[in-house]
Engineer: 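Attaching a single structure in structure tokens format; questions to follow.
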Amino acid sequence: MNNSLYQIIVIQFKSFFREPAILFWAVLFPILMAWVLGIAFTEKGEGNATVYFIYDLRKSRSLEKERTETFGKETGNPVKVKFLYKSKEEALEAVKKGEISLFIEEKGDSLIYNFDPANAEVQLTHLLIDKGWNKNASRSRMAALTTRGTRYIDFLIPGLIALGIMNTCLWGIGWNLIELRMKKLLRRMVATPMKKSTFMFALMITRIILSGFESVLLFLFAYMYFDMQLEGSLLALLLIYLGGIFAFSGIAIIVASRTSSSQVGNGLINFVSLPMMVLSGIFFNYHNFPDWAMPVIKSMPLTVLADSIRSIFIEGYSVTEILIPLLILFITGAITYIIGLRIFKWY
Amino acid sequence: MPVIEIKNVSKTFKTVKAVNELSLTINQGEFVALLGPNGAGKTTLIEMIEGIQSPDKGEIHIMGKTWKGHAHELHHLIGLSLQETKFIDKLNTEETLNLFGSFYNLPKSRTEEVLDMVNLQAKRKTFTVNLSGGQRQRLALGIALLNNPKILLLDEPTTGLDPGARRELWYILEKLKKEYNTTMILTTHYMEEAEYLCERILIMDKGRFIAEGTLNELTQKHGEGEIIEINLDKEINLSGISGIKKTNWEIPNQKGRIYVDNIAETLPALTAITSTQNIKILELECRRMTLDDLFISMTGRHLHE
Ligand SMILES: Nc1ncnc2c1ncn2[C@@H]1O[C@H](COP(=O)(O)OP(=O)(O)OP(=O)(O)O)[C@@H](O)[C@H]1O
Ligand SMILES: [Mg+2]
């Protein structure tokens, strides 16, 4: 059998897997990024601080020269404090020089924490130390949230999956079409009895499979390395995924509908993808943007997609809870396909 | 019924009249060459026949059908190659043929036949980016031949090929003509190609046909017979030699072209005169008028510039 739908899909796959650079950027790079960012923001290393301690010399006991103690283990952000035993003059001098921002003075039975008002973080350190030394006297206790779903990695992976869907469509379909037009292959192909609808359909099917493969790899990595879980419905995830591919392949067709210049094409694709990548809250929550921007940000297809995927992963959403985003994506896809194909230049 | 019928077709790009009121009728089995300098309008005309561009004015009928409403049938009738197509880089020759074959619903065995026809069996596993220019042109021809087309439309199929590769392509086309009675239009800058392959030659310039016929007809109608190109060590006095139609000197009476009716009659007289005038012949070339010569004499320009 030599079916044209099958052939077009197969050649897409072959060009994908025969280009090691594409393989790297599409598959390995997102995983690498997840790994680096996940570690950087999820597992913070120990903090360090140096604190001078001034003894009350009226009390008699053996004096140490220095000591190291770790505080706040239970917060998930432990601080390792190095105490140096000095005089008050030395301490004031060191604060002025910026060498330390906290020194502790012993006055009889009480302790006075002196800190540099310019350094806000040191207030936290002081609380940690104080709490550490008065463990038994205090009623309150600190506990870090380490449950799944609240970590940065849980926020990041769904975003990266959404970003991957957008990129695979815009570059894989949009760029591909522009290149085919540039090479005059598009006009060569439509000068045969090939069905245009078959051709477009094949491009979309290819992306559904390839992007699925990329997303699954990314999730598998997060599952094995960070113990990430899917809380919500797999069917919901599958549907929103298809909606994403449909919407972004429609957008890709519009982007690629007329130009046959690689520079213009490159510019157009970046013009569409960069604002969404920045604003749609892929890497950081978009709620830090001003309120007036919210309606715009929330109506971007990438925001809709990323938020839905995130809700399914973290909040355990099911199909009924993502009906509206699903509808938005499919309508976006339908409209962009209709417009895109109408203005599409095959020759 | 004519295979291709073109009536008063025009196409204008902004200010350029690429094709200007052309009419042409081509019958079954005819091989027609479109010959002309760059920008003559060859590609525009052939792409209008292929249905890739549409004329501003005029009508094109292929087997009695127009492109409107019959695109699917016509796509099955026609095989074509564009002026410089590239292929998908990381696909090999065989895969590329399979892909295009699938558009015509052809079995993969057809790929084998075509690989044989265009002599690319040895390159079947080579990525198209790694094919040489000539191999790529043969692949383009192979794609054009996949569906056993009744009509072949080839836009500069041999441009950039060495003479050997060009000849190889000619043989393939010649065979098609003999075995399948294919109808073909081919554009070219090479008059030997037009002369070898095509009984009918159309010379095109600035969107119009300026001459039409077989090479013989063209040279008889428009040409000035035969040419003696000569280079002498001093000036010659040609008076007294009969059969000279025209001279075209680079160095007056010393180096240039002499247009004659018949070389066989004029040449002996010419050599006789050189010896009586004690002139040494440095270079001498006698030939029939070529299409390029013809083109120069019609437009004052070379075919390939
Ligand atoms: N898409 C276009 N837009 C603008 N002008 C065009 C376009 N296509 C062709 N032309 C112009 O029409 C004229 C004829 O072009 P065409 O490509 O048909 O020439 P040609 O005979 O095939 O030349 P060549 O031998 O170089 O291939 C040229 O002046 C060209 O600049
Ligand atoms: Mg041309």
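As a basis for the values below, the full set of heavy atoms in this structure was taken, side chains included, without hydrogen atoms, waters or symmetry mates.
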Engineer: Is B:E179 atom CD crowded by more than 12 heavy atoms from other residues, nucleotides or ligands, each under 6.0 Å away?
Structural biologist: yes
Engineer: So which residue, B:I78, B:N105, B:I143, ends up with the most heavy-atom pairs under 4.5 Å with chain A?
Structural biologist: B:I143
Engineer: Should A:K14 and B:E94 count as an ion pair when the cut-off is N to O under 4.0 Å?
Structural biologist: no
Engineer: As a quick check of understanding, evaluate side chain to side chain contact (heavy atoms under 4.5 Å, CB included) for B:F100 and A:R188, giving each step before the final call.
Structural biologist: CA-CA 10 Å; B:F100 278 91; A:R188 183 63 191 84; 3.9 Å; yes
Engineer: Taking all non-hydrogen atoms of both residues, which atom of B:Y104 and which atom of A:P193 are closest, and how far apart?
Structural biologist: CE2-CD, 3.1 Å
Engineer: Based on non-hydrogen pairs under 4.5 Å, which of B:L99, B:L106, B:T85 is most in contact with chain A?
Structural biologist: B:L99
Engineer: What closest approach, in Å, do A:S15 and B:I88 show between heavy atoms, and which atom pair accounts for it?
Structural biologist: OG-CG2, 4.0 Å
Engineer: Within a reach of under 6.0 Å around NZ of B:K57, are more than 12 heavy atoms found that belong to other residues, nucleotides or ligands?
Structural biologist: no
Engineer: Output, in order, the C-alpha distance, side-chain angles, deciding distance and verdict of side chain to side chain contact (heavy atoms under 4.5 Å, CB included) for B:K86 and A:L185.
Structural biologist: CA-CA 7 Å; B:K86 297 188 182 95; A:L185 255 177; 5.8 Å; no
Engineer: Quick one: does B:N98's side chain get under 4.5 Å of A:I11's, heavy atoms only?
Structural biologist: no
Engineer: Looking at B:L91, B:I52, B:D89, B:L82, which makes the most heavy-atom pairs under 4.5 Å with chain A?
Structural biologist: B:I52
Engineer: Does the pair A:K195 and B:F103 meet the rule for a side chain to side chain contact (heavy atoms under 4.5 Å, CB included), with working shown?
Structural biologist: CA-CA 8 Å; A:K195 283 212 182 71; B:F103 299 156; over 6 Å; no
Engineer: Evaluate whether atom OH of A:Y223 has more than 12 neighbouring non-hydrogen atoms of other residues, nucleotides or ligands under 6.0 angstrom away.
Structural biologist: no
Engineer: Is A:I8 in contact with chain B via its backbone, its side chain, both, or neither, using a 4.5 Å heavy-atom distance?
Structural biologist: both
Engineer: Quick check on A:V190 against chain B: is it the side chain, the backbone, both or neither that has a heavy atom closer than 4.5 Å?
Structural biologist: backbone
Engineer: Run the numbers on B:K90 and A:E19 for side chain to side chain contact (heavy atoms under 4.5 Å, CB included), then give the verdict.
Structural biologist: CA-CA 8 Å; B:K90 291 289 169 78; A:E19 204 72 75; 3.2 Å; yes
Engineer: Please name the pair of heavy atoms, one in A:T192 and one in B:H75, separated by the smallest distance, quoted to 0.1 Å.
Structural biologist: O-ND1, 3.5 Å
Engineer: Once rounded to the nearest 0.5 Å, what's the spacing between atom CD of A:Q7 and atom CD of B:E95?
Structural biologist: 8.5 Å
Engineer: Using non-hydrogen atoms only, which part of B:E47 is less than 4.5 Å away from chain A: side chain, backbone, both, or neither?
Structural biologist: side chain
Engineer: Just wondering, more than 12 heavy atoms not from A:F344 lying within 6.0 Å of its CZ?
Structural biologist: yes
Engineer: May I ask you to check whether over 12 heavy atoms, not counting those of B:W67, lie within 6.0 Å of atom CH2?
Structural biologist: yes
Engineer: Which bit of A:M182 comes within less than 4.5 Å of chain B, counting heavy atoms only: side chain, backbone, both or neither?
Structural biologist: neither
Engineer: Which distance, rounded to the nearest 0.5 Å, do you find between the NZ of A:K183 and the CD of B:E84?
Structural biologist: 12.5 Å
